[in-house]
Amino acid sequence: MQTSATKWIGPTLIALGVLSAVAGIIGLVGHFASDDQDANAAVSTEPPDVVSTTTREPTTTSTGATSTSTSTTTTAAPTSTTSEPAEPLDPRATVQDFFANWAVAIGEADVEFLLAALHPAVIDRYGTEQCAAYLEQVAGQPIEVEVVSTSELITGEFARDGLTRVIDDLVLVEIARRDRGAEEAVVQQTRLGFVEGEPRWFTDCGEPLEEAP
């Protein structure tokens with residue numbers, strides 16, 4: 001004969017088994033639900049209109065410390081200098097003035113001016129001393145000079161005493177010259193050479209120096 005205690009043992013064990021089974025199912029469902037949440041968290045992205053950018057500066061590591069250095073390159077804009085072209089030499093504008101001053105220097109025996117106004121080719125051929133002595137002899141006479149015409153700049157020759165030298169920047173000048181108060185002028189052709197833009201004249205000072213050009 002079963003007692004009352006034995007009568008309740010069976011149903012109690014069955015109830016406990018059912019509860020255990022239900023608890024196991026609930027735990028398994030919770031486990032899968034947790035995995036889904038981790039997976040969703042792993043593939044989540046920021047909204048499309050948000051851009052996250054990480055920039056790493058160059059680093060230099062020394063004795064365990066990290067320092068960040070940046071370099072800046074500055075390029076200067078190129079500069080250009082524009083200079084105005086030099087005005088072309090117009091010999092006709094200065095020839096008249098030169099001969100006016102030259103005539104005054106001849107009349108006043110201004111040897112210093114006449115010597116300084118000689119072309120360097122004349123000095124090279126005859127020497128300063130010989131030319132100064134020559135000018136002292138011929139200067140001091142009244143003279144009038146009128147410029148009739150002037151050529152353009154040319155390349156010509158200084159030919160005297162059997163020597164010839166090519167001279168650049170020459171002008172041929174036709175002048176009307178009246179010496180010592182003569183009534184009639186003598187028309188003759190002479191030449192001037194321009195040296196650094198200044199007119200210089202030619203003459204024969206005497207005997208050429210040895211090995212003179």
Side-chain angles (χ1 to χ4, degrees), residues 74-213:
T74 303
T75 303
T79 59
S80 59
T81 304
T82 303
S83 59
E84 296 182 358
E87 295 182 1
L89 177 64
D90 183 6
R92 290 168 293 188
T94 56
V95 167
Q96 181 66 53
D97 289 340
F98 174 82
F99 275 107
N101 294 329
W102 180 83
V104 171
I106 289 289
E108 296 178 354
D110 188 349
V111 174
E112 183 178 357
F113 171 85
L114 296 172
L115 186 63
L118 282 175
H119 195 281
V122 178
I123 301 299
D124 291 343
R125 184 165 297 178
Y126 300 106
T128 302
E129 292 183 4
Q130 185 174 197
C131 285
Y134 166 74
L135 292 171
E136 287 177 356
Q137 293 177 2
V138 300
Q141 303 175 13
I143 187 173
E144 297 177 7
V145 177
E146 179 184 353
V147 176
V148 178
S149 65
T150 304
S151 73
E152 300 292 336
L153 289 174
I154 63 171
T155 297
E157 296 178 345
F158 175 45
R160 292 288 177 91
D161 297 311
L163 299 174
T164 301
R165 180 175 176 178
V166 176
I167 305 294
D168 293 326
D169 297 331
L170 284 176
V171 290
L172 302 180
V173 184
E174 189 177 67
I175 61 173
R177 173 174 173 169
R178 184 180 290 107
D179 294 344
R180 297 177 183 177
E183 293 182 1
E184 294 184 3
V186 177
V187 177
Q188 63 182 150
Q189 189 178 76
T190 184
R191 65 190 63 196
L192 294 177
F194 281 82
V195 179
E196 296 181 355
E198 296 295 329
R200 297 289 183 261
W201 68 297
F202 297 87
T203 191
D204 187 337
C205 295
E207 294 296 325
L209 301 175
E210 292 184 5
E211 301 181 357

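Heavy-atom basis, side chains included; hydrogens, waters and symmetry copies ignored.
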Heavy-atom check, side chain of Trp201 versus side chain of Thr190, under 4.5 Å
no
Could you report the tightest heavy-atom contact between Ala139 and Ala109, atom names first, then the distance?
CB-CA, 3.7 Å
Taking NZ, NE, NH1 and NH2 as the nitrogens, is one of them in Arg165 or Asp124 under 4.0 Å from a carboxylate oxygen of the other?
yes
As a test of understanding, state which of Leu153, Ile154, Thr94 forms a side-chain contact (heavy atoms from CB on, under 4.5 Å) with Val171.
Leu153
Is there a donor-acceptor pair closer than 3.5 Å between any side-chain N or O of Arg160 and the backbone N or O of Phe202?
no
Can you name the one residue among Val145, Thr150, Val147, Asn101 that meets side-chain contact (heavy atoms from CB on, under 4.5 Å) with Gln96?
Val147
Show the numbers, then the answer: is there a side-chain contact (heavy atoms from CB on, under 4.5 Å) between Val195 and Asp169?
CA-CA 8 Å; Val195 179; Asp169 297 331; over 6 Å; no
Taking side chain as C-beta onward, heavy atoms only, is Val95 less than 4.5 Å from Pro199?
no
Shortest non-hydrogen contact from Leu163 to Pro213?
CD1-O, 4.0 Å
Taking every non-hydrogen atom, the tightest pair across Arg177 and Ile143
NE-CD1, 3.2 Å
Roughly how far apart are Glu198 CD and Leu192 CG, rounded to 0.5 Å?
12.0 Å
Of all heavy-atom pairs linking Phe98 and Ala117, the shortest is CE1-CB, 4.0 Å
Judged by atom type as modelled, is there a donor-acceptor pair below 3.5 Å linking the side chain of Gln130 to the main-chain atoms of Glu207?
yes
Classify the ring geometry between Phe158 and Tyr126 as parallel (under 30°), tilted (30 to 60°) or perpendicular (over 60°).
perpendicular
To the nearest 0.5 Å, what is the distance between CD1 (Ile106) and CZ (Phe113)?
9.5 Å
So how far is it from His119 NE2 to Arg125 CZ, rounded to the nearest 0.5 Å?
11.5 Å
Please find the pair of heavy atoms, one from Gly193 and one from Leu170, that lie closest to each other, and give the distance.
CA-CD2, 3.7 Å
Trace of the side-chain contact (heavy atoms from CB on, under 4.5 Å) decision for Val104 with Asp110:
CA-CA 8 Å; Val104 171; Asp110 188 349; over 6 Å; no
Thr128 vs Leu118, test: side-chain contact (heavy atoms from CB on, under 4.5 Å). Steps then yes/no.
CA-CA 10 Å; Thr128 302; Leu118 282 175; over 6 Å; no
To the nearest 0.5 Å, how far apart are SG in Cys131 and CG in Leu114?
11.0 Å
